[in-house]
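So the structure is just underneath, and the comments pick up after that.
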Protein chains: 2
Amino acid sequence: MSNRATLHEVARLAGVSLASTSRALHGSGASPAMIEKVQTAADELGYRPNAAGRSLRMKRTFQIEFAVADIGNPVYVEMMTAIHAVLAPHGYRTVVSSMGDQADSAISVLRALDDGHVDGVIISPLRVNDEFVELVRSAEVPIVAIGRSLLDHGIDSVSTDSAMGIGIAVAHLTQQGRRRIAFLNGPTDTTPGEHRQRGFDAAVSDPSFAGESLGTEVADDFTVSAGVRAAHHLLDRIDGPVDAIVAANDLLAIGVLRAARERGLSVPDDLAVTGMDDTEIGRAVLPSLTSVSLGTAERGRVAAELMLARLSESQQAPQLSTIGPELMVRESSVRSTR
Amino acid sequence: MSNRATLHEVARLAGVSLASTSRALHGSGASPAMIEKVQTAADELGYRPNAAGRSLRMKRTFQIEFAVADIGNPVYVEMMTAIHAVLAPHGYRTVVSSMGDQADSAISVLRALDDGHVDGVIISPLRVNDEFVELVRSAEVPIVAIGRSLLDHGIDSVSTDSAMGIGIAVAHLTQQGRRRIAFLNGPTDTTPGEHRQRGFDAAVSDPSFAGESLGTEVADDFTVSAGVRAAHHLLDRIDGPVDAIVAANDLLAIGVLRAARERGLSVPDDLAVTGMDDTEIGRAVLPSLTSVSLGTAERGRVAAELMLARLSESQQAPQLSTIGPELMVRESSVRSTR
DNA sequence: ATGAAAGCGCTAACAG
DNA sequence: CTGTTAGCGCTTTCAT
């Protein structure tokens, strides 16, 4: 079979009109006999409806874009899988685009949106500025934001309380008897960086906080290698022992594990470490990471469902859905009993 | 701005014909004055060419699909990044689709191909059967295979010698003085599983092999959790010490690390471990993994370039490009000096 | 229930 | 260099 068969050819082979052929294939308002006839012809020709023709006519592409800051982060891969699982049964393809971690490249992704190649966008930006918000507001297709809530701008959003998540990690550590606690954050001009910083500051200034804050170290990036560097820097500059490091995500926490090992510090015996995001890799690492789950897959699932709802009944008021954090206790924060 | 402007509206605002407008926007065969006029009108309306109209007319979508068995494997994420980096400057979007690890779902991905939503497919299948090959051969768009070579079927392919890679790992281990060596493979009915098995069998039956083969253990899957289970099983059934385990990929090797730890075995002192794929996570793990690099990013890059070449001059004969394996020695296989 | 015909937005002959 | 026109493949009125 060399060339794709068109609907026209199917119609000719079946000996019926174009319109009837189209209807028969979609099952709406056609006689059983017609459906039978057309289906046979279509099968014989190996007919596949052409996406471009369909899109042009229907003004729908059946593609949803998932735009993320950094596809290298396993969090996004997990989200994507969840999104795909929701969307695929409804006939939507998922297109991933990596925005890079800079606001301006996120903006170029949004600009590219107006060529109508997708019916909607699920976006998880690291940095949000005015131009970004303006572009989101004026986009021609529905947008669902994961991360910072853009509900105030009329955008469906899926959020999580990562600040509280950090609080939970700090509470867990003090409960474990850790006193001198430091925070290893990623860049604070990002949405997660900002929220998690606020969470740490709040936790250690709470009257019930039974420890001592050793302050914050800021890594260049939310990655393992940045985590290693920052952890060394942190441990260099602090006088006396550090009992625990709360890392802003699992990747940074894995960096801490490595830095600790390079300095001959045992985790969890000398130093407790917690991460955030509850990634598979955090579970696999040695020692396994105690981590605050932010419901990654759940957020993806909910975002996809918001998108589906928006696509069908665009009337409904913008929603904000919030997924609560949950602590997953593993080896990196609990002293071995032996 | 509520509705997208069409080329027609731009033409009207500029007071020129549709054709001139189209030409002016593409810069081909239009006077400077025309270009200026049209550009101004286009800017004023915020014009973006519509993808569906364009695709329908040009019979090109400027989308390339990357179809992989399991997007959860970091290898594919790295490949995708490399592919995207090559394709994006040429105006192509990259669409990822996960095929699942079963041959039949790979086939459904290939079937979906004939709706013309992409101009080409870069595919990395885990399992290849006759039906799959037939579908690939008869596809309407160019296909580039990563993994098993399909050159014999006239398909551009990017391959690597993973069998030799396993041989390199084995040689490294015997050089390190490890004698009793076992192989932890993934499913052997997959392309990588089959190749790597062959590599291990060849290595240990080579006259120059200065060790003792403890045979192969097959994990259910190329994942960390399958690796943990299989490693325990392996260590349970073998009498006497195991000096080294060669794992078929990094994920399985990380599973071995964890199983060893659970049994109180020290890596690398009691047991040496090697992985394959040289993933970032293998580098971050403790101890860091000695791993055979198969040039993941390079393979992605080359595949994307083959695709680009095929898209422009479809005349050229099918190519096979092979990336050589390279051993990256790290902590998991080398006894600490202290 | 079926057919005829229009048209989605765009580009590429073809004429001038 | 510019304009007129056809048509990519499909769905959907509108008649019948």
Side-chain angles (χ1 to χ4, degrees), chain A residues 1 3-39 41-42 45-63 91 112-119 140-141, chain B residues 1 3-39 41-42 45-63 91 112-119 140-141:
Chain A
M1 66 192 82
N3 249 327
R4 275 188 259 264
T6 70
L7 193 68
H8 189 83
E9 304 174 53
V10 176
R12 258 208 332 192
L13 179 60
V16 300
S17 80
L18 207 54
S20 295
T21 312
S22 177
R23 280 187 292 249
L25 257 19
H26 289 77
S28 69
S31 68
M34 175 67 80
I35 293 183
E36 162 72 17
K37 218 178 348 182
V38 169
Q39 196 55 256
L45 294 172
Y47 171 73
R48 304 267 108 201
N50 176 274
R54 212 147 191 278
S55 294
L56 184 56
R57 177 65 226 235
M58 301 182 75
K59 294 171 175 304
R60 310 184 60 185
T61 61
F62 297 97
Q63 286 196 154
L113 222 69
D114 283 333
D115 69 355
H117 73 278
V118 291
D119 296 340
E140 300 287 350
V141 296
Chain B
M1 65 192 82
N3 251 326
R4 274 188 260 264
T6 72
L7 193 67
H8 189 84
E9 303 174 54
V10 177
R12 258 206 335 190
L13 179 60
V16 299
S17 80
L18 206 55
S20 295
T21 312
S22 177
R23 282 188 291 251
L25 258 19
H26 289 78
S28 70
S31 68
M34 176 67 80
I35 294 182
E36 162 73 17
K37 223 183 337 187
V38 169
Q39 195 54 256
L45 294 172
Y47 172 74
R48 305 266 108 199
N50 175 275
R54 209 151 193 277
S55 295
L56 184 56
R57 179 63 226 237
M58 301 181 75
K59 294 171 174 303
R60 310 185 60 187
T61 61
F62 296 97
Q63 286 197 153
L113 223 67
D114 283 333
D115 70 354
H117 73 279
V118 291
D119 296 339
E140 301 287 348
V141 296

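Note that the structure is a prediction, hence the values are computed from the model and not measured. Each chain gets a letter, A, B and so on, in the order the sequences are listed, and its residues count up from 1.
- If you take CZ of Arg12(B) and P of dG3(D), they are 16 Å apart, rounded to a whole angstrom.
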When you compare the protein's N or O atoms with those of nucleotides 14-16 of chain C, which come within less than 3.5 Å of each other, and at what distance?
none

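- The NE2-P distance, from His26(A) to dC10(D), rounds to 10 Å in whole Å.
- Note on Lys59(B): every side-chain N or O is 4.0 Å or more away from OP1 and OP2 of dT11(C).
- With the nearest nucleotide of DNA chain D identified for both Tyr47(A) and Met34(B), Met34(B) has the one nearer the 5' end.
- Interatomic distance, Ser20(A) OG to Ile35(A) CD1, rounded to the nearest 0.5 Å: 11.0 Å.
- The distance from atom CE of Met58(B) to atom P of dA13(C) is 11 Å, rounded to the nearest whole Å.
- Rounding to the nearest 0.5 angstrom, the gap separating the CG atom in Leu113(A) from the CD atom in Glu140(A) is 9.5 Å.
- The distance between atom CG of Asp115(B) and atom C1' of dG9(D), rounded to the nearest whole Å, is 12 Å.
- The structure places NZ of Lys37(A) at 7.0 Å from OG of Ser31(A), a figure rounded to the nearest 0.5 Å.
- Distances shorter than 4.0 Å separate some side-chain N or O of Ser31(B) from OP1 or OP2 on dT2(D).
- Rounding to the nearest 0.5 Å places OG of Ser55(A) at 11.0 Å from NZ of Lys59(A).
- Judged purely by atom type and a 3.5 angstrom limit, Gln39(A) has no side-chain atom pairing as donor or acceptor with the backbone of Glu36(A).
- Between the CZ atom of Arg54(A) and the P atom of dG9(C) there is a distance of 18 Å, given to the nearest Å.
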Might you list the N or O atoms of the protein lying below 3.5 Å from N or O atoms in nucleotides 5-7 of chain D, with each pair's distance?
| from | atom 1 | to | atom 2 | distance (Å) |
| --- | --- | --- | --- | --- |
| dG7(D) | N2 | Arg57(B) | NH1 | 3.3 |

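- Scanning both residues, Met34(A) and Ala24(A), for their nearest heavy atoms gives CG-CB, 4.1 Å.
- Remark: P of dC10(C) and CG of Leu56(B) are 12 Å apart, rounded to the nearest angstrom.
- Atom-to-atom distance recorded for Leu13(B):CG and Tyr47(B):OH is 13.5 Å, nearest 0.5 angstrom.
- Of the listed nucleotides (dT2(C), dG9(C), dT12(D)), dT12(D) has the atom at the smallest distance from the side chain of Ser22(A).
- Here the NE2-CG distance, from His117(B) to Asn50(A), works out to 11.5 Å after rounding to the nearest 0.5 Å.
- Regarding contacts with the backbone of dC1(D), every side-chain N or O of Ser20(B) stays at 4.0 angstrom or more from both OP1 and OP2.
- Between His8(A) and dC10(D), a side-chain N or O to OP1/OP2 separation shorter than 4.0 Å is absent.
- Contacts of Asp119(A) classified as salt bridge (Lys or Arg N to Asp or Glu O under 4.0 Å), with partners at least two apart in sequence or in another chain: none.
- When rounded to the nearest whole Å, the span between CD of Glu140(A) and C1' of dG9(C) equals 15 Å.
- Atom CD of Glu9(B) is separated from atom P of dC8(C) by 11 Å (rounded to the nearest Å).
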